[in-house]
There are 2 protein chains.
Amino acid sequence: MAMSSRPTIHQVAKAAGVSISSVSRALNGNTSNPEMVAKVRAAVKQVGYVPSAVAQSLKTQQTGQIAFAMEDIGNAAYLAMVREIQPRLREDGYRLLLHATAADVQDEIDVLESLAQKYVDGLILCPIRVTDRHIEALRSPAVPVVVIGQLPDHVGVDNVRTDSRQGARLAVEHLYAGGARRIAFVNGPADTVPGHARYAGYREGLRACGLEVDELLVEVGDFQVAAGQAATERILARTDVDAVFGANDLIALGAMHALRSAGRSIPGDVQVAGMDDTTLAETSFPPLTSVSLGSRERGGIAAEMLLARLHGGTEPAQRVTVPPSLTVRQSTVEVSE
Amino acid sequence: MAMSSRPTIHQVAKAAGVSISSVSRALNGNTSNPEMVAKVRAAVKQVGYVPSAVAQSLKTQQTGQIAFAMEDIGNAAYLAMVREIQPRLREDGYRLLLHATAADVQDEIDVLESLAQKYVDGLILCPIRVTDRHIEALRSPAVPVVVIGQLPDHVGVDNVRTDSRQGARLAVEHLYAGGARRIAFVNGPADTVPGHARYAGYREGLRACGLEVDELLVEVGDFQVAAGQAATERILARTDVDAVFGANDLIALGAMHALRSAGRSIPGDVQVAGMDDTTLAETSFPPLTSVSLGSRERGGIAAEMLLARLHGGTEPAQRVTVPPSLTVRQSTVEVSE
DNA sequence: CCTCCGGCTGGAAACGTTTCCGAGTCATCC
DNA sequence: GGATGACTCGGAAACGTTTCCAGCCGGAGG
């Protein structure tokens with residue numbers, strides 16, 4: 001168990017009868033002498049040498065690691081990103097470090113500040129809120145950072161975002177087209193960036209359809225199934241609806257449960273739409289119409305941007321916007337034109 | 001952007017007018033002189049010093065990182081583990097590294113062998129198959145390893161497992177108690193450890209209930225919704241069933257879709273049960289009865305075991321078995337006794 | 001034949017810490 | 001008052017690599 005410590009490059013050098021510099025060169029392909037390479041290879045195998053990643057990092061100033069920080073990996077949107085990011089990074093030989101911040105601002109700041117420890121070569125960050133302290137910490141990060149999500153214009157950081165406001169509007173318009181006139185909205189916390197944008201999109205969509213905003217139709221909870229269900233029940237208790245738009249798929253799922261319990265059929269009596277287009281939407285009953293915010297795509301793009309920086313890209317900070325799109329399934333009424 | 005490199009302990013020493021050893025001591029709490037500490041703190045703030053994690057690692061031989069390797073983070077069972085593991089590790093100051101092996105044996109071996117690079121202090125591994133090469137690589141790992149899943153007895157590695165065979169049996173017996181006599185089974189790949197065990201448990205359960213195994217009732221796909229749906233359709237096309245047991249929740253969800261399409265009510269006409277007791281089971285319609293294999297719990301235990309090793313635990317390899325339990329929801333018939 | 005040049009090799013200096021060890025300071029105790 | 005001890009601090013070695021540099025050798029050219 002407590003083996004003597006692993007062999008170092010010195011033992012290899014001794015076994016091969018050459019200097020450590022020659023071993024290093026042979027292993028890193030900086031030698032043209034095939035004999036030397038063979039000798040070193042043999043010695044490596046003989047002593048069972050594996051280079052120390054830490055020592056290499058110290059010398060080369062690269063760790064081969066990239067961090068991804070988000071609220072909670074349990075959230076399907078972040079999950080989709082991870083599933084896209086990890087393989088891409090791996091392709092380029094990077095390992096992935098996961099930070100779950102639990103939506104704690106201090107945690108996010110900590111992550112940003114700990115970058116100066118240089119334990120990773122780069123960071124992909126999904127802040128749920130953007131505070132002044134975030135902006136301050138993003139001013140000159142110790143390593144390249146890509147932010148996924150909304151960000152004030154003046155922050156000079158690579159950024160990939162979507163337009164969830166526009167997405168919310170799409171959903172509302174679709175529900176309207178399907179015949180809905182009393183469209184309820186169940187939101188997540190209003191003081192989060194997504195919560196704010198989705199609410200704005202909801203109102204915008206109503207206005208575009210010529211409908212008034214009726215606060216009786218709006219409820220807030222968090223971004224979870226139970227909250228969606230409870231919020232929908234509150235709405236049903238006080239007014240009539242013919243559609244419910246959930247600020248994410250979990251909320252919409254909760255809404256479906258509440259509606260079913262109240263004896264409403266979907267989409268016959270009430271249409272339901274969600275947001276994020278996660279696998280939950282595909283597999284729910286009935287399958288849920290959902291606004292796709294391109295999570296996978298955003299993850300992939302963020303990874304590409306970060307890798308480009310790490311490969312020496314030095315152009316000014318980029319910004320990419322992934323447009324939302326609507327995936328229509330059976331929880332809403334589709335109008336063929 | 002390309003700032004001059006971050007200040008080192010040397011700049012701090014110079015700024016404070018003391019030696020680097022004093023700086024190190026002051027920062028690590030090995031100094032009793034408060035003046036010295038104050039002076040150093042001030043200098044640190046002044047030059048904006050943050051210690052290099054890499055250099056510290058090299059010197060202390062610890063990285064503060066732990067790896068978790070599993071098939072696919074998209075799998076809800078692994079997700080549950082991660083959500084349990086990450087906060088626990090974080091409590092003790094460890095960062096989490098994620099490896100998704102895509103069920104590739106070579107990948108898993110690579111992870112094990114790369115441990116010799118010492119880029120992490122420990123590993124939690126969820127192998128989907130256990131080959132001789134696994135066992136060989138586990139013989140004397142460079143850092144402590146905890147395996148989640150079945151493992152031959154003679155492998156001297158900390159191990160936390162569940163009894164999915166027993167779990168499958170529980171499900172079958174529950175379906176039988178609810179009145180089912182033709183209980184179909186939709187499995188994942190039979191050559192995986194879970195696939196094998198669950199099939200064995202299914203047969204065992206039937207036998208315990210005095211039922212015969214009818215191969216017409218058994219189908220195999222992979223552990224996904226679509227496969228579960230397709231497999232269920234194949235079964236329905238050739239025989240009658242009054243219950244379907246899916247080898248995981250995704251399969252069971254697919255089965256529910258297939259049954260509904262075929263016009264069967266759940267649980268009236270056909271009962272359905274799944275396995276893993278993921279959030280999907282809670283949120284599906286109707287909520288899915290599912291066998292819990294204690295994923296969260298196993299993750300937590302694995303984390304504890306690993307941390308115990310890292311804190312110097314030197315007792316022989318432990319094995320913990322988490323018993324399966326049944327979570328009954330509306331997709332099956334409960335018999336009150 | 002001597003010089004110059006190019007290619008390999010080995011020694012040594014980094015990378016940024018922690019920690020061992022010896023030297024110095026000060027107070028205490030005989 | 002001098003020796004002894006307890007403490008603190010600075011220098012230097014170490015952790016395991018990569019890479020610069022100088023030296024060596026052989027071959028080619030004058």
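Proteins get letters first, then strands, A, B, ... in listed order; numbering begins at 1 in each. Quick caveat, the model's predicted, so the values are computed rather than measured.
- Remark: A/Gln56 is not in phosphate contact with D/dG16, judged by side-chain N or O atoms under 4.0 Å from OP1 or OP2.
- Residue B/Val12 is classed as having no contact, given no heavy-atom separation below 4.0 Å to the nucleic acid.
- Rounded to whole Å, the distance from NZ on B/Lys118 to P on D/dG16 is 9 Å.
- Phosphate proximity of D/dT18 to A/Asn28: present, with a side-chain N or O under 4.0 Å from OP1 or OP2.
- Contact annotation: B/Ser19 reaches the phosphate of D/dG10 (side-chain N/O to OP1 or OP2, under 4.0 Å).
- A/Ser21 comes within 4.0 angstrom of a nucleotide base, judged by non-hydrogen atoms across all strands.
- If you find the closest nucleotide of DNA chain D to B/Val18 and to B/Leu58, the one lying nearer the 5' end belongs to B/Val18.
- The pair A/Glu136-A/Arg133 fails the salt-bridge criterion, with no side-chain N (NZ, NE, NH1 or NH2) lying under 4.0 Å from an Asp/Glu carboxylate O.
- A donor N or O paired with an acceptor N or O is found under 3.5 Å between the base of D/dG10 and the side-chain atoms of B/Arg25.
- Straight-line distance from the CD1 atom of A/Ile20 to the P atom of C/dA14: 15 Å, rounded to whole Å.
- Taking 4.0 Å as the cut-off between side-chain N and carboxylate O, A/Arg319 and A/Asp153 count as a salt-bridged pair.
- Between C/dG16 and A/Tyr119, no contact under 4.0 Å exists linking OP1 or OP2 to a side-chain N or O.
- Contact check, A/Ser22 against C/dG10: a side-chain N or O comes under 4.0 Å of OP1 or OP2.
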Original post:
Given A/Gln56 and B/Gln117, is the side chain to side chain donor-acceptor pair (under 3.5 Å) satisfied, shown in steps?
Top reply: CA-CA 10 Å; A/Gln56 287 181 320; B/Gln117 298 181 347; over 6 Å; no

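- In this entry the distance linking CG of B/Asn30 with P of C/dC20 reads 10 Å, nearest Å.
- Using a 4.0 Å heavy-atom criterion, one finds that A/Ser24 contacts the bases of the nucleic acid, with or without backbone contacts as well.
- Within 4.0 Å of A/Thr8, counting heavy atoms only, lie sugar-phosphate atoms of the nucleic acid but no base atom.
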Given the rule in the side chain to side chain donor-acceptor pair (under 3.5 Å) test, do A/Ser22 and A/Ser19 qualify, once you have shown the distances and angles that lead to the verdict? CA-CA 5 Å; A/Ser22 297; A/Ser19 74; 3.2 Å; yes

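- With rounding to whole Å, A/Gln62 atom CD is found 12 Å from D/dT18 atom C1'.
- B/Asp121 and B/Arg309 are not joined by a salt bridge, as no carboxylate oxygen comes within less than 4.0 angstrom of a charged side-chain nitrogen.
- Going from atom NZ of A/Lys39 over to atom P of C/dG10 covers 7 Å, rounded to whole Å.
- Residue-level contact check: A/Val50 touches the backbone only, with heavy atoms under 4.0 Å from sugar-phosphate atoms and none from bases.
- For B/Asn33 and D/dC9, the shortest distance from a side-chain N or O to OP1 or OP2 is below 4.0 Å.
- Spacing between atom CD of B/Gln117 and atom P of D/dT17 amounts to 11 Å, rounded to whole angstrom units.
- Rounded to an integer number of Å, the gap from A/Met36 CE to C/dG7 P is 16 Å.
- Ion pairing between a basic and an acidic side chain is recognised when a charged N comes within 4.0 Å of a carboxylate O; A/Arg129 and A/Asp104 show no such pairing.
- The side chain of A/His10 approaches D/dT17 more closely than any other nucleotide in the set D/dT17, D/dC15, D/dG10.
- Atom CD1 of A/Ile9 and atom C1' of D/dT17 are 6 Å apart (whole Å).
- Residue A/Gln61 has a polar side-chain atom (N or O) positioned under 4.0 Å from OP1 or OP2 of C/dG16.
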